[in-house]
Protein chains: 4
Amino acid sequence: MSTTNTGPGAQSRHVTAILDAATRRFAQTGYHGTSMRDIGAEMGMHAGSLYVHIRSKEDLLDAIVWDIAQSTERRMEAVLAAGDTPVDKLRTIAEEHLRWVAANPDAATVYFHEWRHLKGERLERVKAARARWTRGLRDIIQAGIDEGAFKPMDVRLAGLAFVGMLNSTYRWLRPDGDLDTAEIAGTFMDFLLHGWAAG
Amino acid sequence: MSTTNTGPGAQSRHVTAILDAATRRFAQTGYHGTSMRDIGAEMGMHAGSLYVHIRSKEDLLDAIVWDIAQSTERRMEAVLAAGDTPVDKLRTIAEEHLRWVAANPDAATVYFHEWRHLKGERLERVKAARARWTRGLRDIIQAGIDEGAFKPMDVRLAGLAFVGMLNSTYRWLRPDGDLDTAEIAGTFMDFLLHGWAAG
Amino acid sequence: MSTTNTGPGAQSRHVTAILDAATRRFAQTGYHGTSMRDIGAEMGMHAGSLYVHIRSKEDLLDAIVWDIAQSTERRMEAVLAAGDTPVDKLRTIAEEHLRWVAANPDAATVYFHEWRHLKGERLERVKAARARWTRGLRDIIQAGIDEGAFKPMDVRLAGLAFVGMLNSTYRWLRPDGDLDTAEIAGTFMDFLLHGWAAG
Amino acid sequence: MSTTNTGPGAQSRHVTAILDAATRRFAQTGYHGTSMRDIGAEMGMHAGSLYVHIRSKEDLLDAIVWDIAQSTERRMEAVLAAGDTPVDKLRTIAEEHLRWVAANPDAATVYFHEWRHLKGERLERVKAARARWTRGLRDIIQAGIDEGAFKPMDVRLAGLAFVGMLNSTYRWLRPDGDLDTAEIAGTFMDFLLHGWAAG
DNA sequence: TATGAATGAGGATTCATTCAT
DNA sequence: GATGAATGAATCCTCATTCAT
């Protein structure tokens, strides 16, 4: 996976390589559709050899997903703490989001698609992190309404619309596309703020 | 799966029951995370007994997905043929879409999540159908621009925004929700047409 | 395994056959030295096919060991309840024990050798049953001392000597031996009661 | 393992430490239930590092078992050569045996439990040594009968009773027990010579 | 001397599927 | 129509062992 990781979660080069390979395969064939042999083959390695470096297949999914969940949450906290307007906050989120998706389409696919194959406590942890992120988003939107930047509207639906638009980009946004991500984010924000209607 | 099917694709009551069970399980644990035994258990039947009625597991996924793809496409054709404005066409699509998602959340999950586990020709067939649907959507948006209802904009991005907002509803829209689907569709259309900005 | 089983633990013919095969192999190569493939081969079956009838390898060991533990305990209860002298009680135990070992040398080997590879609650259950049996034995010996049939002695050591002599027979006692089991049991009881010393 | 070894089989301090670790683990989880990693962990070492000092896992079992088999046989030879009575010979054997078991319960467990997992020639070698030991024991008993110390009896059964009583002590005899080993050996010899019967 | 990494075989178990009954 | 039994391949993972460093 490509999110920078030099903090406490820093891993050996080997583990990083395995996580990268796993991310690619999970993105392509899904968690349950990917075998450890597939991941090994991606690295020119036997399936069993992977276990020199990792403990289980689910550990891989968890490492990939949880790492993203955490940095996503940290970004939200930073945005919330920043001293700008709700509109600018949303713009920042959209831009960063699309930039990250374009740079890490496989990781994004795993994060949005495969996280639910986690089990037990790990699943709950990720769900909780996502819920906190969503709450942050709603707070921003609510602030926008409160200060008169947005018209009165259902915050929950507004948040879901925003998330739906942004998160679905992992299905088509690729780093080599013709439009740059800032441009796309700008267009999406324009749709959301002013709509399609002429005049 | 619950879309009515009395046309050429009509199936025995047994097959329908199996498809329903498979839809539920595929939605919950994914195609590769679901075993034939799981599906059998869902019906109080042994895994092997399923093969009296069906030919393979992939047949199940294909039947579920292809049936939805086809009716989705037929609806698009009907909408395109109707004599109303682009805005009304989009409104119709949104309303029908959300109504169907709310009524068939499992089928929707399979359709949006699991279709990519199809292989070969079946996968291509579904991709093609989705592409045709997307093209129809873009045609409507383009018509809206052409006749001055929408401001000039990137049709592709507009389509992706629309689809992203609509398709992501399968993650949270449930039949027993407090808001009715027409209301939600209306709100979403309002977001898209006029945006959030006050004034 | 060969102990008759028509009570609540009665199993399908298939399971019985698997348990017999497992008993033979566990006795010969030990629990951990026996693979499911070995057991399958013993039955002309593939390893995976065993799982049509059983749930796990440890289930096999548990079924074998627990069944013996239970019938052993039931026999002890019957002996304790019988209205004869301590000496006769011990004689009965020795005779039945040797008869059973000779008839079921593999089951005996598993029972005395492999039971400790059980884990968790299953291990505890078996330990507890063995402890109850040992307590029964000591009670008999103590009764013998109390009523003056035996000289005063360390009951614990006496019990361990008895058990050591009896239980070790699984190493050499075979159904086709030249001495019959009643004779051997008689000799052992004579050793224990009167010793080797001449005069 | 803890039997002193300064003769031809003398090993490097490392090998001795590995043998000790292996003895402990083999005693606890059995030969096949113990992995090289387990043994390494017991020494704070990686599994692969063991191979700097040893050649194979089976070598470990063989070294442990064969070393005991040899010193056991040497002791038997010494006892046979001594100029005392059969009764005293047996008493010596019992005392030494129990003292060694109490001091080396793990080694004893491996010797009595795990030796049969040896293969081929190594297995035969150990079997032969045990057979020679057993023959020595019978010779002593036979001598006791011949000189009138013991009553006429089946020498084979007498030997098996003696061995059964002695060898089973590895299951319960621990160095920290309340009874000292000489006392226990004395009690066992008293059981064997004079029996339990009062008067 | 010890490590970290790798291997290839094999461990228990589950899989989709078949077929006689 | 459904079952119980079986298959053979594949699942995740552990094994004893090797070897460059």
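Since the model is a prediction, treat every value here as computed from it, not as a measurement.
OP1 or OP2 of E/dG4 sits under 4.0 Å from a side-chain N or O of D/His46.
At least one side-chain heavy atom of C/Tyr31 sits under 4.5 Å from a side-chain heavy atom of C/Lys57. Residues B/Arg116 and A/His113 form a side-chain contact, since some pair of their non-hydrogen atoms from C-beta on lies under 4.5 Å apart. Between B/Tyr111 and B/Ile64, every side-chain heavy-atom pair lies at or beyond the 4.5 Å cut-off.
Atom-to-atom, CD1 of C/Ile54 to C1' of E/dT13 comes out at 10 Å; the value is rounded to the nearest Å. Distance C/Leu50 CG to E/dA12 P: 10 Å, rounded to the nearest Å. Put simply, OH on A/Tyr51 is 18 Å from P on E/dG8, counting in whole angstrom units. Atom NE2 in B/His117 sits about 17 Å away from atom C1' in E/dA16, given to the nearest Å. Between the CE atom of B/Met36 and the P atom of E/dT14 there is a distance of 18 Å, rounded to whole Å.
Contact check on A/Asp62 versus A/Lys119 returns no salt bridge, with no Lys/Arg side-chain nitrogen under 4.0 Å from an Asp/Glu carboxylate oxygen. The pair A/Glu42-A/Arg24 counts as a salt bridge, with a side-chain nitrogen and a carboxylate oxygen less than 4.0 angstrom apart.
Contacts of C/Ser49 with the nucleic acid, taken as non-hydrogen atoms under 4.0 Å apart, include base atoms.
Where B/Arg55 and B/Asp38 each meet DNA chain E at their nearest nucleotide, the meeting point lying more 5' is that of B/Asp38. Each of A/Ala47 and C/Met45 was assigned the nucleotide of DNA chain F with the nearest heavy atom; the assignment lying further toward the 5' end belongs to C/Met45. Nearest-nucleotide positions on DNA chain F for D/Gly48 and C/Gly48 put C/Gly48 closer to the 5' end.
Nucleotides of DNA chain F lying under 4.0 Å from heavy atoms of chain A occupy a range whose first and last members, 5' to 3', are F/dT11 to F/dT14.
Cation-pi geometry between B/Arg171 and B/Phe112 is not satisfied (NZ or CZ under 6.0 Å from the ring centre, within 45° of the ring normal). With C/Trp115 as the aromatic partner, C/Arg122 does not meet the cation-pi criteria of under 6.0 angstrom to the ring centre and within 45 degrees of the ring axis.
Pairs of Watson-Crick or G-U wobble type, with distances under 3.5 Å, assemble into runs of 3 or more in DNA chain E at these ranges: E:2-21 with F:2-21.
Between the side chains of C/Asp38 and C/Ser35, at least one donor N or O sits under 3.5 Å from an acceptor N or O.
Below 30°, between 30° and 60°, or above 60°: for C/His32 and C/His117 the angle between ring planes is above 60°, a perpendicular geometry.
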